[in-house]
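Have a look at the structure below, then the notes.
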Amino acid sequence: AAEPTSASKPMVFSKNLVWQWPVKGKVIKAYSPSDLHKGIQIKSVSRSAVRASAPGLVVYAGEGLRGYGKLVIIKHSEILLSAYAHNDQIMVKEGQTVKQMEIISRLGSNGTMYFEIRRDGNPVNPETYLK
């Protein structure tokens, strides 16, 4: 069979993504879609640097989504996105490509962040991806 042309190949930054924790900290609220908690809450240190869990493209950076505060969303492939919410300061722009573990934002003084991974638009448990 012929190789698909590059135009039809999906955007994939890495075939085998090994996700990293966006901040060092403790999960204080676990993934629980039945309680409408579609991600995890991580308690870290005040003003902690938040890092991209995996390489990708910043598709959203702003505060237009109610309930998420200052939010960064990174697209990692055609089906995988990660969201980093409740930031104090966003350090990336939409359309920017980020490397894994690149600093994308800083947390506020309470040091708490909300992290979500979506596959095909549906939330999945981030802890099954994070190593």
Side-chain angles (χ1 to χ4, degrees):
E3 271 289 295
T5 62
S6 61
S8 66
K9 276 188 185 150
M11 173 183 88
V12 176
F13 284 91
S14 162
K15 278 275 182 267
N16 308 318
L17 282 179
V18 177
W19 297 71
Q20 304 284 338
W21 285 84
V23 289
K24 286 188 174 68
K26 182 172 178 264
V27 175
I28 52 171
K29 199 165 182 192
Y31 173 76
S32 176
S34 58
D35 300 331
L36 299 175
H37 206 255
K38 301 181 174 98
I40 56 175
Q41 196 101 25
I42 305 169
K43 178 73 175 150
S44 187
V45 186
S46 172
R47 315 281 308 134
S48 283
V50 177
R51 297 171 188 271
S53 281
L57 179 70
V58 177
V59 292
Y60 183 83
E63 24 188 341
L65 283 164
R66 211 174 66 206
Y68 286 90
K70 291 184 180 170
L71 172 69
V72 176
I73 299 175
I74 298 175
K75 183 174 182 175
H76 305 287
S77 69
E78 289 304 318
I79 59 167
L80 285 167
L81 293 171
S82 60
Y84 310 76
H86 306 313
N87 296 290
D88 186 57
Q89 192 182 358
I90 294 176
M91 298 162 90
V92 290
K93 293 191 279 300
E94 286 175 29
Q96 183 178 336
T97 302
V98 291
K99 295 189 215 50
Q100 187 163 30
M101 300 313 284
E102 190 171 320
I103 296 174
I104 57 168
S105 62
R106 287 205 178 273
L107 296 180
S109 55
N110 74 353
T112 305
M113 82 164 296
Y114 175 74
F115 179 67
E116 218 174 84
I117 294 177
R118 289 185 177 240
R119 187 184 179 97
D120 277 328
N122 300 308
V124 293
N125 186 348
E127 292 192 71
T128 59
Y129 285 79
L130 296 166
K131 294 287 170 264

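Please read all numbers here as calculations on a predicted model, not as lab measurements. Throughout, numbering of the chain's residues begins at 1 and tracks the sequence.
The closest side-chain heavy-atom distance from Thr97 to Leu57 is below 4.5 Å. Annotation: side chain of Lys93 is not in contact with side chain of Val58 (no heavy-atom distance under 4.5 Å). With contacts defined as side-chain heavy-atom distances shorter than 4.5 Å, the pair Asn87/Leu71 does not qualify. Contact annotation: the side chain of Ile40 approaches that of Leu130 to within less than 4.5 Å [non-hydrogen atoms, C-beta and beyond]. His76 has its side chain within reach of Ser82: a pair of non-hydrogen atoms, C-beta onward, lies under 4.5 Å apart.
In this structure, the side chain to side chain donor-acceptor pair (under 3.5 Å) partners of Arg118, at least two apart in sequence or on a different chain, are Glu116.
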*Could you go through the side-chain contact (heavy atoms from CB on, under 4.5 Å) check for Gln41 and Thr112 one step at a time?*
CA-CA 7 Å; Gln41 196 101 25; Thr112 305; 3.2 Å; yes
*Steps toward side-chain contact (heavy atoms from CB on, under 4.5 Å) verdict (Met91, Ile104)*: CA-CA 5 Å; Met91 298 162 90; Ile104 57 168; 5.9 Å; no
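Of the residues listed (Tyr68, Tyr60, Tyr114, Phe115), the one engaging Tyr84 in a ring pair (Phe, Tyr, Trp, His ring centres under 6.0 Å) is Phe115, and it is the only one.
In this structure, Ser46 contributes its side chain and Ser109 its backbone to a donor-acceptor pair below 3.5 Å. A donor-acceptor pair is defined here as one N or O able to donate and one able to accept, closer than 3.5 Å; no such pair exists between the side chain of Asp120 and the backbone of Asn122. Here the side chain of Glu63 pairs no donor or acceptor atom with the backbone of Gly69 at under 3.5 angstrom. Formation of a donor-acceptor pair under 3.5 Å by the Lys70 side chain with backbone atoms of Ala61 is not found in this model. A donor-acceptor contact shorter than 3.5 Å is absent between the side chain of Arg47 and the backbone of Gly108.
In terms of heavy-atom proximity, Gln96 sits nearest to Val92 at OE1-CA, 3.4 Å. Here the closest non-hydrogen pair linking Val50 and Met113 is CG1-CE, 4.0 Å.
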In a table with atom names and distances, give each donor-acceptor pair under 3.5 Å that connects a side chain of residues 22-35 to protein atoms at least two apart or in another chain.
from	atom 1	to	atom 2	distance (Å)
Tyr31	OH	Pro123	O	3.0
Ser32	OG	Asp35	OD2	2.8

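Among residue pairs with one or both ends in residues 38-58, none qualify as ring-ring contact (aromatic ring centres under 6.0 Å, His included); sequence neighbours excluded.
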